[in-house]
Amino acid sequence: MIPLTPISGELVGFGRAVSDNVVVIPPLQGRGIGRLILQRIIRLLTSKGIYDIAALCSDQEMSFFKACGFVDDVLGSITMMYSKSGNDMVVSAGRKLLMVPPLRKP
């Protein structure tokens, strides 16, 4: 299943297991496309014997993942990011934050 519009063939959403990303274009959000993408990812992972599946998500994304069957971490984990230098910059990339290391001097 590839979520494309039947008329134009435009990609309407995608998901990746390694990035906690499920993205659906705004006009088609709320129609179950993201849930179908996530269900397919989970089915693919579990068919390969991978059952330790977690979603690192923002407070705004939490309701989506809960609606798809994810539950709060029973250990109460809080995500931490490693920063070798401590001087890395965090920049916004859409809905996500990316850690960008300082430029190396030639």
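- When all heavy atoms of I25 and L11 are compared, the closest pair comes out as CG2-O, 4.0 Å.
- The two atoms that bring C68 and L38 nearest to each other are CB-CD2, 3.5 Å, heavy atoms only.
- Using a 4.5 Å heavy-atom cutoff, the side chains of D72 and K66 are in contact.
- Put simply, F70 and I50 are part of the same group of oily side chains (I, L, V, M, F, W, Y) that touch within less than 4.5 Å, one to the next.
- In plain terms, the two heavy atoms of Y51 and T46 that are nearest each other are OH-O, 3.2 Å.
- Atom CG of D52 is separated from atom CG of L45 by 10.5 Å, given to the nearest 0.5 angstrom.
- Residue R35 holds its CZ atom at 10.5 Å from CD1 of I42, rounded to the nearest 0.5 Å.
- Separation of atoms CD1 (I37) and CD (Q39) is listed at 10.5 Å; rounding is to 0.5 Å.
- Atoms CZ and OG, from F65 and S58 in turn, are 9.0 Å apart once rounded to the nearest 0.5 Å.
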